2 protein chains.
Amino acid sequence: MAQAIRFRQASSPLKASCHQCSLSNLCLPLAIPDNDLDRLEDIVQQGRIYNRGEHIFDQSTPFRSCFAVKSGSIKTSIISEGGEEQVTGFFMPGELVGLDSMSGESYASTAKALERTSVCEFPINKLEELTGKLPELQHHMYQLMGQEIQNSHQLAMLLSKNTAEERIASLLLSLSSRFQRRRMSGTNFSLPMARNDIANFLGLAVETVSRVFTRFQNQGIIRARGREVELLDVEALQLVTREFSRQGFQQ
Amino acid sequence: MAQAIRFRQASSPLKASCHQCSLSNLCLPLAIPDNDLDRLEDIVQQGRIYNRGEHIFDQSTPFRSCFAVKSGSIKTSIISEGGEEQVTGFFMPGELVGLDSMSGESYASTAKALERTSVCEFPINKLEELTGKLPELQHHMYQLMGQEIQNSHQLAMLLSKNTAEERIASLLLSLSSRFQRRRMSGTNFSLPMARNDIANFLGLAVETVSRVFTRFQNQGIIRARGREVELLDVEALQLVTREFSRQGFQQ
DNA sequence: CGTCCAAGTTGATGCAAGTCAAAGGACCAC
DNA sequence: GTGGTCCTTTGACTTGCATCAACTTGGACG
């Protein structure tokens, strides 16, 4: 057992190759000129593989690293003193997890693999050091964090202003476009998360999520069997998300 | 008119003195060793004074600068295509506004003075350049942005899980502790924002906010006349915010 | 000092979504 | 196979808060 741990520690700082990674146009390398890419590779560690349900980190873990999803997907959530969970995001390959934790000693949230998932690990002290030397990378980090704030603000807007149907339509469209950016079908995909996670993320009850799914299905907007989803009428979905705003104007 | 504008531009890069600023223990200087403080002063611009209701920036303004509140207070909000507003934050002296905009060409939100307010302006290109040279400052920026993400996640949790009473109690306690950190009374203060802003921020109707205020007042927890608020029983307020979480455990 | 308009309060009513309950699936272990 | 567990769906009922409407307060201003 002690040996196993030792072995893990010793083998953990395995160098990852950003040069060969297919995600280099989505992930951090995107911000770095080719000739500096080695310097990022020098600090990246090949993370291990997590099975569905395994924690990458939780709120009691000391904050050491940010993680880029390599394959699979991750959900992050915060858990209140009382044990209440709020899902704060879903992360797909190429996306960076842990940015919200940059302000403290421990992680600010909990990250859990939604399926078999592999990650790359960026030790934060080394990453900060590097961003101090590569202005483009620093700029990119600011951009990513700014984007993260915006996402969260959008979520707040969704939660406080929109109906169940609007929230779910928004999520489906968001997932769709993110799948598409990863060269996967934007109309035919498999949800990485359970209904429960969707419900929690969107501030709804599971039953409500389920009902809206069947309602959309009956309207011929989507087709859903379990986690398999097919968007049959994207425009209709977009219309649902905007319906609310429209009311402000006409009529 | 043209002259006035010229005059403004010429006089605008007025140097602010961080050395003498009373907020140096809250604001950016907090992260900088004394002997480097000059370098921050070199890039800060003394911003102008805004009257209640004036915009510091909005979503159509090209993103150039972050602003530190010097006196007064600011609310930020995002406005959807349909014109729906979601208040995303209230900012007090020493706090930095505009971090959510670090990812785009234009500001991601709109900032409005809630009262007569003065600010310091940090041009973003110069700030980035400086954080590249001062690791402590870079670290602090990451911390601030991480904190901003966390705040927003907390808001999402509040919006999706908590009752009207819990939301308002949370806001009052948050304001209280922030006033206190600024050496003002934490139990006797004047709300900088209107009921409307509170309602919007917390995802409630104005009427609900009003009702909860009077309910708290009848219970002897607070005393409120207009914007003047007195917290009579802070523990009771804390209890309200935790009531919800408790239910998860006992009984 | 009265006028006016925005901001705040209070009451009555309706509805979207939560809660409770129970019945299917799907998947896994044995 | 068969039993168990977890996830999802569906139905019946309940409720917190929004909405609508009317009234009050307060501050700005001529």
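Only a predicted model underlies this, so the values are computations on that prediction, with no experimental measurement involved. First the proteins, then the strands, lettered A, B, ... as listed; each starts at 1.
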Engineer: Is a side-chain donor or acceptor of A:Arg195 paired with a backbone partner of A:Val206 at a separation under 3.5 angstrom?
Structural biologist: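 Not a single qualifying donor-acceptor pair exists.
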Engineer: I need the CZ-P distance between A:Arg225 and C:dC27, as an integer number of Å.
Structural biologist: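 About 12 Å, once rounded to whole Å.
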Engineer: Tell me the interatomic distance from B:Asn196, atom CG, to C:dG8, atom P, rounded to whole angstroms.
Structural biologist: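 From B:Asn196 CG to C:dG8 P: 7 Å.
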Engineer: Starting at CD of B:Glu207 and ending at P of C:dG8, how long is that distance when rounded to a whole Å?
Structural biologist: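 Rounded to whole Å, this separation is 12 Å.
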Engineer: Rounded to the nearest angstrom, tell me the gap between atom CZ in B:Arg211 and atom P in D:dG16.
Structural biologist: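 So the CZ-P distance, B:Arg211 to D:dG16, works out to 14 Å.
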Engineer: Is the phosphate of C:dT9, meaning OP1 or OP2, less than 4.0 Å from a side-chain N or O of B:Arg195?
Structural biologist: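 Indeed, a polar side-chain atom of B:Arg195 lies that close.
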Engineer: Rounded off to whole Å, could you give me the CZ-to-P distance for the B:Phe216 and C:dT9 pair?
Structural biologist: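 So the two atoms are 14 Å apart, to the nearest Å.
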Engineer: Decide yes or no for B:Thr163 and B:Arg167: does some side-chain heavy atom of the first lie under 4.5 Å from some side-chain heavy atom of the second?
Structural biologist: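 No; the side chains remain at least 4.5 Å from each other.
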Engineer: Checking the side chain of A:Arg223 only, and the main-chain atoms of A:Leu232 only, is there a donor and an acceptor separated by less than 3.5 Å?
Structural biologist: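 Here the side-chain-to-backbone pair does not exist.
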Engineer: Hey, is CZ on A:Arg52 packed in by over 12 heavy atoms from elsewhere, all under 6.0 Å?
Structural biologist: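 Not buried by this count: 12 neighbours or fewer within 6.0 Å.
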Engineer: Which nucleotide in the list D:dT9, D:dA18, C:dA17 gets nearest to the side chain of A:Thr163?
Structural biologist: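 Nearest nucleotide to the side chain: C:dA17.
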Engineer: Expressed as a whole number of angstroms, how long is the span from B:Asn162:CG to D:dT15:C1'?
Structural biologist: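 Rounded to whole Å, this separation is 17 Å.
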Engineer: In whole angstrom, what separates A:Arg52's CZ from C:dC27's C1'?
Structural biologist: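 Computing the A:Arg52:CZ to C:dC27:C1' distance gives 10 Å.
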Engineer: Whole Å only: how far is the CD atom of B:Glu84 from the C1' atom of D:dA18?
Structural biologist: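 Value for this atom pair: 13 Å.
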Engineer: Identify whether any heavy atom of B:Gly203 sits under 4.0 Å from a base atom; if not, whether one sits that close to sugar-phosphate; answer base, sugar-phosphate or nothing.
Structural biologist: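 Sugar-phosphate: the residue B:Gly203, judged by heavy atoms under 4.0 Å, touches backbone atoms but no base.
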Engineer: How do A:Arg215 and B:Met193 order along DNA chain C: which one's closest nucleotide is nearer the 5' end?
Structural biologist: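 Residue closer to the 5' terminus by nearest nucleotide: B:Met193.
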Engineer: Do any side-chain nitrogens or oxygens of A:Thr208 fall under 4.0 Å of OP1 or OP2 in C:dG18?
Structural biologist: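 Yes.
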Engineer: B:Arg227 has a side chain; which of D:dT19, C:dG8, D:dT9 sits nearest to it?
Structural biologist: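 Looking only at heavy atoms from C-beta outward on B:Arg227, the closest nucleotide is C:dG8.
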Engineer: Choosing from D:dT9, C:dT9, D:dA18, which nucleotide comes nearest the side chain of B:Ser210?
Structural biologist: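 Per side-chain heavy atoms of B:Ser210, the pick is C:dT9.
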Engineer: Identify which one of A:Asp58, A:Asp100, A:Thr88, A:Thr76 satisfies the side chain to side chain donor-acceptor pair (under 3.5 Å) criterion when paired with A:Ser109.
Structural biologist: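 Looking at A:Asp58, A:Asp100, A:Thr88, A:Thr76, the match for A:Ser109 under the side chain to side chain donor-acceptor pair (under 3.5 Å) is A:Asp100.
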